[in-house]
Amino acid sequence: LLADELLRVAKGEVLSDDWSRQVYSVDASHYELTPAAIACPRDPHDVQEIMRYAYSKKLPVTGRGAGTGLLGQSLSNSGLVLDFSKHMGGLVELADDHVVVQPGMVKGVLDKELKKKNKFLPPDPASSNYCTIGGMIADNSSGVHCLGYGNTIDFIESLDLVYADGSAGHASTSACDDRMSAMKRLLGPRADIVKSGYPKVSKNSCGYRLDAVMGSTFQPHKVLAASEGTLALVTSATFKIQDLPEHRCLLVLGFEDVMHAVKAAPAVLQFAPVALELLDHTVFLHSGMAGKGSLLFVEFAGADAQAKMDLCRQKIAGLASVVEYASDEQSLVKIWSARKGALNNIMKLTVGSRKPIGLVEDTVVHPSMLGAHTENILAAYKEENLQYVLYGHVGDGNLHTRPIVDVSSESESEMIGRLAHRIFSQTIQKGGTITGEHGDGLARVGYIEMMYGKTVTDLFRQVKELFDPRYLLNPGKKVPIV
Ligand SMILES: Cc1cc2nc3c(=O)[nH]c(=O)nc-3n(C[C@H](O)[C@H](O)[C@H](O)COP(=O)(O)OP(=O)(O)OC[C@H]3O[C@@H](n4cnc5c(N)ncnc54)[C@H](O)[C@@H]3O)c2cc1C
């Protein structure tokens, strides 16, 4: 019945057979939730019609791009999944300083289009060959080069939206619809709470990014970044873009162990790299690389890239061995692919219900505190007798680490809860965030209050209810259902 009715209101296909519902019941997390049906809208009008129908029937709706979210963000328990990747993946406009895209466009496809014009949109998740722009906005995705250029939130200029009741919206610094104006009225008197309530880190995907909304100017569109489709659905996005750097150089430094590598990161940062990445030996083997110890991948960009790399090599000489360096495009792509494949390879460690589990996999602290933070995490793993993998965007203080546990075991699940509590408390005490780029999803929604405290999380609930009073958009994500 649901499929028949949806087919009457929208042009795109509707899937409700068991096979399709099974396919859409998983993403790149360990969760599994089965939706009632899947609709593939053809255009923004379809999205509006579907939302009007869903609103009238109180039917929950969850947007989906490629389903590469790591914490269950695109999964729906008996609701409707809207798959934007089928028909809404077009490039709308490519100008000198900005690009307009539909939400289902794959980032890697956009990268190729931009490269033809010598341009780029810097956020570059390792999943870029699959993940979509809509998913990147909703998770505030980052990647290797965000150290030098910024995260998805920093590049969004304006958004076309569809709200829970099916009405269309638009948000940018210069234009604000009624709902965004209402948000301004809500947040204005609470600007001090927002200003003091956020961690001082270079990337953050936890909760709603009200700090970015209430920056030096009111930037309403930024509330959608990291919102996991819980406030509105994005039907079109405008991003500012940049010229590709003329020169790039990459230096790979070898260290005897992970602590030496992590502790060297602040010294490397003095030379202003645009990327500073860690790959520990716990990941090497699964990436087809031999060896012990840890590596730092350091990229420099711009006219003085070579000079910066040479200086860095000289100064770091006593701390590390130079494993490799390159300044030609082909070598850079080849070397980076070892880092890019890290998570894909780690996923292959899964044997039945024993897997590298995502929960404490995305903490961020100031890079100067990363040494102490890493020591705390390794001590916790040792006490719990856990095998683990470890890598990350150490230039941003962002550590990706996963203990390997049996998710079917009650005692191991309890232990993971204990471990998360310990690691998150230590992260928050250091002024960090519990998630830099992967978002909260199902796994971390219960920890958002621990991160921000009651006053800010109450504000998140008020923002949610302003946009989606019936809790129909991706319920259970960002704001727990009470
Ligand atoms: C191997 C691997 C490597 C990864 N590497 C990185 C990395 O380096 N950096 C990084 O930041 N992340 C990384 N990720 C995480 C993930 O790829 C990103 O979060 C990605 O941006 C999600 O995009 P998606 O299209 O798959 O979105 P999905 O997983 O399908 O959805 C993510 C969220 O977006 C919402 N959404 C989708 N479309 C819309 C829309 N039109 N309007 C509103 N909401 C919408 C969904 O409801 C959901 O909440 C990696 C994941 C994998 C599997």
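Worth knowing before you read on, the calculation uses all heavy atoms, side chains too, and leaves out hydrogens, waters and symmetry mates. Counting starts at 1 for both ligands and their atoms, in listed order.
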- Message: Between ligand 1 and Ala232, can you find any atom pair, the residue atom being a heavy atom, that is separated by under 4.0 Å?
- Response: yes

- Kindly say whether Leu231 contributes a backbone atom to a donor-acceptor pair with the side chain of Asp468 at under 3.5 angstrom? no

- Query: Nearest to atom 36 (N) of ligand 1 by heavy atom, Gly441, Ala226, Ala138: which?
  - Reply: Ala138

- Message: Evaluate Ser142 for polar contact with ligand 1, using N/O atom pairs at a separation under 3.5 Å.
- Response: yes

- Query: Any idea which atoms of ligand 1 are less than 4.0 Å away from a heavy-atom of Met136?
  - Reply: 21 (O)

- Task: Anything under 30° is parallel, anything over 60° is perpendicular, the rest tilted; go ahead and classify Tyr391 against His400.
- Result: perpendicular

- Message: Using a 4.0 Å heavy-atom cut-off, which part of His438 comes near ligand 1: side chain, backbone, both, or neither?
- Response: side chain

- Query: Judging by distance only, is a nitrogen or oxygen of Thr132 under 3.5 angstrom from one on ligand 1?
  - Reply: yes

- Part of Leu224 with heavy atoms under 4.0 Å of ligand 1, whether side chain, backbone, both or neither: neither

- Task: Mind running salt bridge (charged side-chain N to carboxylate O under 4.0 Å, His left out) on Glu437 and Lys203 for me, showing each step along the way?
- Result: CA-CA 7 Å; Glu437 56 177 25; Lys203 62 204 298 198; 3.0 Å; yes

- Given Thr435, Ile346, Asp139, which has its nearest heavy atom closest to atom 32 (C) of ligand 1? Asp139

- Query: Who's closest to atom 22 (C) of ligand 1 heavy-atom-wise, of Asp440, Asp124, Thr68, Val47?
  - Reply: Thr68

- Centroid-centroid under 6.0 Å between Tyr149 and Phe155 rings: no

- Message: Tell me whether the NZ or CZ atom of Arg470 lies within the 45° cone about the ring axis of Tyr55 and under 6.0 Å from its centre.
- Response: yes

- Can you find an N/O atom of Val234 closer than 3.5 Å to an N/O atom of ligand 1? yes

- Pro103-ligand 1 polar pair, N/O distance under 3.5 Å: no

- Quick one: which ligand 1 atoms are inside 4.0 Å of a heavy atom on Glu228? 47 (O), 49 (O)

- Using a 4.0 Å heavy-atom cut-off, say whether Asp27 meets ligand 1 through its side chain, its backbone, both or neither. neither

- Query: For ligand 1, is there an N or O atom under 3.5 Å from any N or O atom of Phe84?
  - Reply: no

- Message: Against the six-membered ring of Tyr471, is Lys464 placed for a cation-pi contact (under 6.0 Å from the centre, within 45° of the normal)?
- Response: yes

- Task: Tell me which one of Ser127, Pro41, Ser74 gets a heavy atom nearest to atom 4 (C) of ligand 1.
- Result: Ser127

- Task: Tell me, please, which residues at least two apart from Tyr447 pass ring-ring contact (aromatic ring centres under 6.0 Å, His included).
- Result: Phe424

- Message: Are any of the N/O atoms on Gly69, whether in the backbone or the side chain, positioned under 3.5 angstrom from an N/O atom of ligand 1?
- Response: yes

- Message: As a quick check of understanding, evaluate salt bridge (charged side-chain N to carboxylate O under 4.0 Å, His left out) for Asp165 and Arg179, giving each step before the final call.
- Response: CA-CA 12 Å; Asp165 59 4; Arg179 201 142 335 207; 3.4 Å; yes

- Message: Run the side chain to side chain donor-acceptor pair (under 3.5 Å) test on Gln102 and His87 for me, step by step, so that the C-alpha distance in whole Å, both residues' side-chain angles and the decisive distance to 0.1 Å come before the verdict.
- Response: CA-CA 9 Å; Gln102 290 188 309; His87 305 297; over 6 Å; no

- Looking only at distance, does Asn344 have an N or O less than 3.5 Å from an N or O of ligand 1? no

- Query: N/O to N/O below 3.5 Å, does that happen between Ala126 and ligand 1?
  - Reply: yes

- Polar atom proximity, Tyr130 to ligand 1 (N or O, under 3.5 Å): no

- Message: Please check whether Gly67 reaches ligand 1 - meaning an N/O of the residue sits under 3.5 Å from an N/O of the ligand, judged on distance alone.
- Response: yes

